[in-house]
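Step one of this worksheet: look at the structure below.
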Amino acid sequence: MNTFRKTERLCGRNNLQTLYREGHKFVVWPLRVTWSKNHSDPQTAVLVWAPKSLFKRAVKRNLLKRRIREAYRLNKQTIEDKGWHIAFNYMDKTVQPYAVIERAVQKAVRKLTQT
RNA sequence: ACAGCGGGGCGGCCUGUCGCCCGCUUCGGCGGGAGGAAAGUCCGGGCAACACAGAGCACCAUACCGGCUAACGGCCGGCAGGCAGUAAUGUUUGGUCCCUGGAACAGCGACGAUUGGCGUCCUUCAGCGCAGGAGAGGCAUGCAAGUGAACCGCCCUGCGUGGACGAUGAAACGGCUACACUAUGGGUUGCAAUCCCGAGUAAACCGGCGUUUGAGGGUGGCUCGCCCGAGCCGGAGGGUAGGGAGCGUAAGAACGGCGCAGUAAUGUGUCCGCCAAGAUUAAUGACAGGCACGCAGACCCUGUCUGCGCACAGAACCCGGCUUAUAGCCCCGCUGCGUUC
RNA sequence: GGAGAGAUGGGUGAGUGGCUUAAACCAACAGUUUGCUAAACUGUCGUACUCGUAAGGGUACCGGGGGUUCGAAUCCCCCUUUCUCCG
């Protein structure tokens, strides 16, 4: 099913510090993807954010996070049960439409599957 | 009609597919899910902790008159002055005292000042100052004749110093303001408050002070008072980064009608209706289609088609205000100088 | 979420109602010095508009916009923006 529940979200201070200190990263415009493998929990967990320094208004940050989450929800089947930790963060200064973001997420998922 | 002034309101709707958060569940499902500003955090409260917060001083805020409110620096009504506008109306100021303080650049001045400085004109006797000119004297130099850039006084000319007018300057229909005074209000910190559960480490080490002759803390800007009180402070180091309550209310400083009181803000009722998001890397969305609305264009012109647009913005303990952002539209009242019919 | 602090020439940074000569330091530029350079010393040094042939002068600007005042970098209000603190 194309769901996106609480267990699929990456949270906790230690998890985030570990991911950003030791994880690998690459860029698929307009997203930067940080990832790490070999975790005990088979559920893949995802973090999504847009920086406040690029978007002052909370409405725009929320909109981008919703679009990225939606794109991930519809394209996650191949990596759902691998137990990875993935972080998507938005990098562009302008708000891109959903189609652009979905293409970026699809590309990122393909790239993660190949590595 | 048009233009303007004031007040109030709305802030899209429907369908399909795939999803998110919360509650209930007979596990099939069912119900609920952003705003007028949720924003800024500028005021005022509730609530919580410190003693269910006490006294004095200091400090801060407010300041025409009256009313409303849980409270306010908010709101309503009224008074007087200034400014803008034809007008509707908007905007701004408003306690007391100074005989007892100050009043910038120099002096004066509410014990009532008007000067100096600036501009123009008049006068120019004497003195003084500045600038320029002229030669002879002093003086310098040289044995002397002579020479003289500079120095001293004399002489001449011009300007200023004097007078009048004007403008400037906050300036006589009586300027401005600190401190002070008077009245009223304010204890401090804020839900990361505060309380509980769980996990883990170091009840160890070094130095200082102290145990009823009281260290230290509650306690904040100070003093007092009150309470707690056997540990406290510094150094060097170690551990944690989770969860729950507060926090989503079965009731309220609720909200919407209607009636009544009041010019109004607002208050009130054996009346009627209505019952509400609760996340914590943080839900309320994505895509597609249709309708409505606005603008522009075209045409077979009282309607259809095409294109574009549809704002500002996202709850985080909860209320009452203020301020700021806001596409497009609706309703009510008022005004019109030299708008139009 | 809550509580605070700041923004002044190219940089750092004083000034807290009275022509600020917009102090002072650094950087920059010119000169002196040196065979050359550094150091040292002396001087100049923001932007815009405007008057003047020129030397030089005037006005405005202290993040932006309003207000109070005779007068605002300074006091009050709003906006923009940067930073700090909390369990």
Side-chain angles (χ1 to χ4, degrees):
Chain A
M1 278 299 285
N2 294 327
T3 58
F4 190 74
R5 296 191 167 280
K6 184 67 183 296
T7 50
E8 298 180 54
R9 297 182 188 177
L10 182 60
C11 54
R13 184 172 173 148
N14 284 345
N15 286 336
L16 297 190
Q17 280 187 344
T18 306
L19 174 61
Y20 274 97
R21 194 170 54 243
E22 300 172 0
H24 307 72
K25 55 191 174 184
F26 58 88
V27 173
V28 182
W29 183 87
L31 301 174
R32 183 171 66 202
V33 183
T34 310
W35 56 276
S36 65
K37 296 186 177 179
N38 305 320
H39 294 281
S40 52
D41 189 356
Q43 179 69 56
T44 294
V46 172
L47 167 73
V48 167
W49 57 281
K52 191 170 187 178
S53 54
L54 295 179
F55 302 96
K56 303 298 290 182
R57 300 292 167 198
V59 181
K60 292 181 180 174
R61 293 200 301 273
N62 283 344
L63 175 62
L64 288 167
K65 282 152 69 179
R66 283 167 181 160
R67 283 181 174 164
I68 296 170
R69 268 204 303 271
E70 183 71 7
Y72 172 76
R73 181 178 72 80
L74 296 172
N75 294 283
K76 68 176 181 177
Q77 290 80 11
T78 54
I79 60 172
E80 193 174 2
D81 52 357
K82 296 280 189 3
W84 298 345
H85 285 181
I86 309 171
F88 295 98
N89 71 293
Y90 195 84
M91 296 175 67
D92 199 68
K93 284 198 187 72
T94 57
V95 178
Q96 295 295 329
Y98 176 74
V100 173
I101 293 173
E102 185 172 33
R103 230 175 294 133
V105 170
Q106 286 169 347
K107 200 169 168 185
V109 167
R110 268 201 307 286
K111 201 161 177 180
L112 282 169
T113 316
Q114 289 163 8
T115 51

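What's counted below: heavy atoms across the whole structure, side chains too, no hydrogens, waters or symmetry copies. In what follows, chains are A, B, ... by sequence order, proteins preceding strands, each numbered from 1.
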Base partner of B/rG239, which must satisfy Watson-Crick or wobble distances under 3.5 Å: none
Euclidean distance for C1', B/rA315 against B/rA34 (whole angstrom): 6 Å
Nucleotide forming a Watson-Crick or wobble pair with B/rA131, both distances under 3.5 Å: B/rU157
For B/rC52, the Watson-Crick or wobble counterpart (both distances under 3.5 Å): none
Whole angstrom value for the distance that separates C1' of B/rC20 from CD of A/Glu8: 11 Å
Whole-Å C1' distance, B/rC272 and B/rC260: 16 Å
A/Tyr98 or A/Arg57, whichever maps to the more 5' nucleotide of RNA chain B: A/Tyr98
Distance between P atoms of B/rG133 and B/rC151 (Å, rounded): 12 Å
Which residues share a side chain to side chain donor-acceptor pair (under 3.5 Å) with A/Thr94, sequence neighbours left out: A/Asp92, A/Gln96
Watson-Crick or G-U counterpart of B/rC75, or none if no pair lies under 3.5 Å: B/rG67
Length of the line joining A/Tyr72:OH and B/rG285:P, which is rounded to integer Å: 22 Å
Interatomic distance, A/Leu74 CG vs B/rC287 P [rounded to whole Å]: 11 Å
Atom P, compared across B/rA245 and B/rC22: separation rounded to whole Å: 13 Å
Closest heavy-atom pair and its distance - A/Arg67, A/Pro97: NH1-CA, 3.8 Å
Partner set under side chain to side chain donor-acceptor pair (under 3.5 Å) for A/Gln106, not counting sequence neighbours: A/Asn75
A/Lys60 NZ - B/rA39 P separation (whole Å): 18 Å
Side chain to side chain contact (heavy atoms under 4.5 Å, CB included) evaluation trace for A/Val48 with A/Tyr72: CA-CA 10 Å; A/Val48 167; A/Tyr72 172 76; over 6 Å; no
Residues from residues 61-68 of chain A lying under 4.0 Å of RNA chain B - heavy atoms: A/Asn62, A/Leu63, A/Arg66
Parallel, tilted or perpendicular, as decided by the 30° and 60° cut-offs, for the rings of A/His24 and A/Trp35: parallel
Rounded distance (Å) that lies between atom P of B/rG19 and atom CG of A/Asn75: 14 Å
Anti/syn call for B/rG217, syn if |chi| within 90°: anti
For A/Phe88, ring-ring contact (aromatic ring centres under 6.0 Å, His included) partners two or more places apart: none
Exam field: side chain A/Arg32 to backbone A/Met91, donor-acceptor pair closer than 3.5 Å: no
A/Leu64 CG to A/Ile101 CD1 distance, which is reported to the nearest 0.5 Å: 5.5 Å
A/Arg69 CZ - B/rC287 C1' separation (whole Å): 17 Å
Listed nucleotide nearest any side-chain atom of A/Lys56, set B/rG314, C/rU81, B/rU284: C/rU81
Presence of donor-acceptor pair under 3.5 Å, side chain of A/Glu70 and base of B/rG285: yes
Euclidean distance, atom CD of residue A/Glu102 to atom C1' of B/rG285 [Å, nearest integer]: 14 Å
Pairing partner of B/rC118 (Watson-Crick or G-U wobble, both distances under 3.5 Å): B/rG166
Watson-Crick or G-U wobble partner of B/rA313, both distances under 3.5 Å: none
Side-chain donor/acceptor contact of A/Arg73 with base of B/rC18 under 3.5 Å: yes
Syn-anti status, with the boundary at 90° from 0, for the nucleotide B/rA48: anti
C1'-based separation of B/rC76 from B/rA265 [nearest Å]: 4 Å
OG1 on A/Thr34 to CG on A/Leu47, rounded to 0.5 Å: 8.5 Å
Anti/syn call for B/rG19, syn if |chi| within 90°: anti
Under the salt bridge (Lys or Arg N to Asp or Glu O under 4.0 Å) test, residues paired with A/Glu102 that sit two or more places apart: none
Nearest-Å distance once atom C1' is located in both B/rA63 and C/rA60: 38 Å
Interatomic spacing from OG1 in A/Thr113 to NZ in A/Lys82 - rounded to 0.5 Å: 6.0 Å
Pairing partner (Watson-Crick or G-U wobble, both distances under 3.5 angstrom) of B/rG307: B/rC295
A/His85 NE2 to B/rU281 C1', straight-line distance once rounded to whole Å: 14 Å
Atom pair CD1/CZ of A/Ile68 and A/Arg73 - distance to nearest 0.5 Å: 15.0 Å
C1' atoms of B/rG74 and B/rU114, separation to the nearest Å: 48 Å
Mate of C/rG43 where both pairing distances stay under 3.5 Å, Watson-Crick or G-U: C/rC29
Using a cut-off of under 3.5 Å, enumerate the N/O to N/O pairs linking the protein to nucleotides 240-243 of chain B.
residue	atom	partner	partner atom	Å
B/rG242	OP1	A/Arg13	N	3.3

Which nucleotide in B/rU281, B/rA282, B/rG314 has an atom nearest any side-chain atom of A/Leu47: B/rU281
Rounded P spacing from B/rG218 to B/rU189 in Å: 15 Å
